[in-house]
Amino acid sequence: MSARERMPASAAQLATEAETVIIGGGIMGLGIAYELGKRGRSDIHVIEQEYLTSGASGRNGGGVRMQWSTELNIRLMQESIEICRNFASELGINVWLRQGGYLFLIRSQQELSRLEQTVALQNRCGVPTRILTPQEALRVVPELNPSGFVAACYNPRDGVVFPWPFLWGYAHAASELGVHIHTYTKVTAIEVRGPHSFVVTTSKGTIRCERVINCAGAWSPAIAKLVGVELPNHPHRHEILATESLKPFLNPLVSVLSSGLYFSQSMRGEIVGGITVPDVDDGTVRLGSRLRFLEDMSAELLSVMPCLSSVRVLRQWAGPYDVSPDGLPILGEPDGIPGFYLVCGFVGHGFMMAPVIARHYAELLCGGARHPVFDRCRLSRFQDGSTEKEVMIIG
Amino acid sequence: MSEKCIVCPCEDVTLADVEQAIGLGYLDIDEVKRFTGLGTGSCQGKLCMVTTCQLLQTAQAADPQRVQRQPEAQRVPHPFTPRPPVVPVPLGVLAAGKGADRER
């Protein structure tokens, strides 16, 4: 194999046959490809419609946290952050993980009493989250406006990563293991020939395979439609901005759950943050930038951190959330299509969950242990009503 | 030209960094931007964009197979997506616009 063929950017040609085709070269697709490759199952072609990092994986704020309202998510994220901590040595790339904590500001007594139960659950799982008084929160971030909140939740072990190198790390490691990555290649049709028998048509040619994994994120409903499956998730535009770089001063990521505001200081010094802004949500992936976001974001950010008033915004951009009805992902095979796997509906936290989901998915596909997440997150839960809503969702 | 020659002065991206990205097969400016961090600093690409496009034009011309490898890629070097605002704007100025009565 020549050096050129090993390059992660663009495998020379599509094979006519492969064991696995992964649709979507985001962190889920590349993470699963890497974990499968590590287990000796590298006969994989990853098909990405644009470039690596072009979707939500290259557009998010890089937050990684253990503060959730469901035990499933808490435990998954404890494991995921542990994987993140070893990522640099395992994959030889610096992902700039900084565990400065997450500080959730609470604006009402009602919200506080609800979060007390959530924090107790996190503590039972071994997460050291504490409820802070405003005075205690001011010791963590002295620049906060003390009149804007009644309490705060703080877990010092949450953190932030830089998403881009994370993705390159997975891509290059998967490529080294023999995985083929095809960028700027579109999937146009999927024929189901029978159980574990598919023909995937792309703009680069046609490939037969035993297994198709739909890791297309916000585009996953469109991919599922190609095999006649209607998914309940939908894309939602989420906007975000970065300011000019400042001397490091802000340790945790700060978030206000009631408005969907969050912001942190990156290792490059920028303040990076976003906020919930309503959108049309008609099934189209929209990535345009809006002035309304800049205004809503700036006003809310300054109400929490008035000292940032003269700091200048350098750029804004948008990424697509892949929103599922109950806030939990959609995993596994839909009924009737053995060999077609779903990895979607992560509602803006797919990036932080990818390391742990990729590992357990690869275990499952290699005949290993079946993590409880696959039963809880099966597609059929929306028919039989066995859902449990995750409420600690930002944005 | 020395490989320590700077292409992006805001983020300290050198010619060697860009050539490494090109060597890995990243021939589109959106890939080079996200692989090297070029163009994401205080000038937002105003200083590095032209140089990078020239380097990519040469690299793309030297790789006629790219059409087969990346059928959906753009065929000519292009600037990366411009991000608002055009010039840096203070948060306080933007916050003052909230709720203004206008079409947006």
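All heavy atoms count here, side chains included; hydrogens, waters and symmetry mates do not. None of the values given here were measured: they were computed from a predicted structure. Every chain is numbered from 1, with letters handed out A, B, ... down the list of sequences.
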Spatial distance of atom [atom1] ([X]) from atom [atom2] ([Y]) [nearest 0.5 Å]:
X        : Y        : atom1 : atom2 : result
A/Glu295 : B/Leu91  : CD    : CG    : 12.0 Å
A/Leu52  : B/Phe35  : CG    : CZ    : 10.5 Å
B/Leu94  : A/Gln316 : CG    : CD    : 8.5 Å
A/Leu241 : B/Arg83  : CG    : CZ    : 12.5 Å
A/Trp164 : B/Thr40  : CH2   : OG1   : 5.5 Å
B/Arg34  : A/Trp168 : CZ    : CH2   : 8.5 Å

Do the side chains of [Y] and [X] get nearer than 4.5 Å, heavy atoms only?
X        : Y        : result
A/Thr185 : B/Pro71  : yes
B/Gln44  : A/Leu314 : yes
B/Lys98  : A/Asp296 : yes
A/Tyr51  : B/Lys33  : no
A/Val313 : B/Pro85  : yes

Can you say whether [X] sits under 4.5 Å from chain B via the side chain, the backbone, both, or neither, judging by heavy atoms?
X        : result
A/Leu14  : neither
A/Leu308 : both
A/Ser310 : backbone

Practice task
Check the pair A/Lys204 / B/Glu72 against salt bridge (Lys or Arg N to Asp or Glu O under 4.0 Å), numbers first and verdict last.
Solution key: CA-CA 9 Å; A/Lys204 197 168 163 176; B/Glu72 307 291 332; over 6 Å; no
Exercise for the section: For chain A, find which of B/Pro84, B/Ala73, B/Ala96, B/Pro88 contributes the most heavy-atom pairs closer than 4.5 angstrom. Expected result: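 Heavy-atom pair counts peak at B/Pro84.
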Exercise for the section: Return the option, out of B/Asp28, B/Val86, B/Val93, B/Val89, with the maximum number of heavy-atom pairs under 4.5 Å with chain A. Expected result: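 That would be B/Val89.
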Problem - Evaluation steps, side-chain contact (heavy atoms from CB on, under 4.5 Å), between A/Thr183 and B/Glu31 - result: CA-CA 10 Å; A/Thr183 49; B/Glu31 299 174 310; 4.1 Å; yes
Practice task
Sort out for me which of A/Glu300, A/Arg290, A/Arg268, A/Glu50 touches chain B most, counting heavy-atom pairs under 4.5 Å.
Solution key: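 Highest number of pairs under 4.5 Å: A/Arg268.
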Practice task
Quick one: which of A/Gln49, A/Glu270, A/Glu244, A/Lys186 has the most heavy-atom pairs under 4.5 Å with chain B, could you say?
Solution key: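 Ranked by contacts with chain B, first place is A/Lys186.
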Tell me, for [X] versus chain A, whether the close heavy atoms (under 4.5 Å) come from the side chain, the backbone, both or neither.
X       : answer
B/Gln65 : neither
B/Thr81 : neither
B/Gln74 : neither

Problem - Other residues, nucleotides, ligands: >12 heavy atoms within 6.0 Å of B/Gln57 CD - result: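 Counting neighbours around CD of B/Gln57, 12 or fewer heavy atoms of other residues, nucleotides or ligands fall under 6.0 Å, so no.
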Exercise for the section: Of all the heavy-atom pairs spanning B/Ala95 and A/Leu302, show the shortest one and how long it is. Expected result: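 For B/Ala95 and A/Leu302, the tightest heavy-atom pair comes out as CB-CD1, 3.8 Å.
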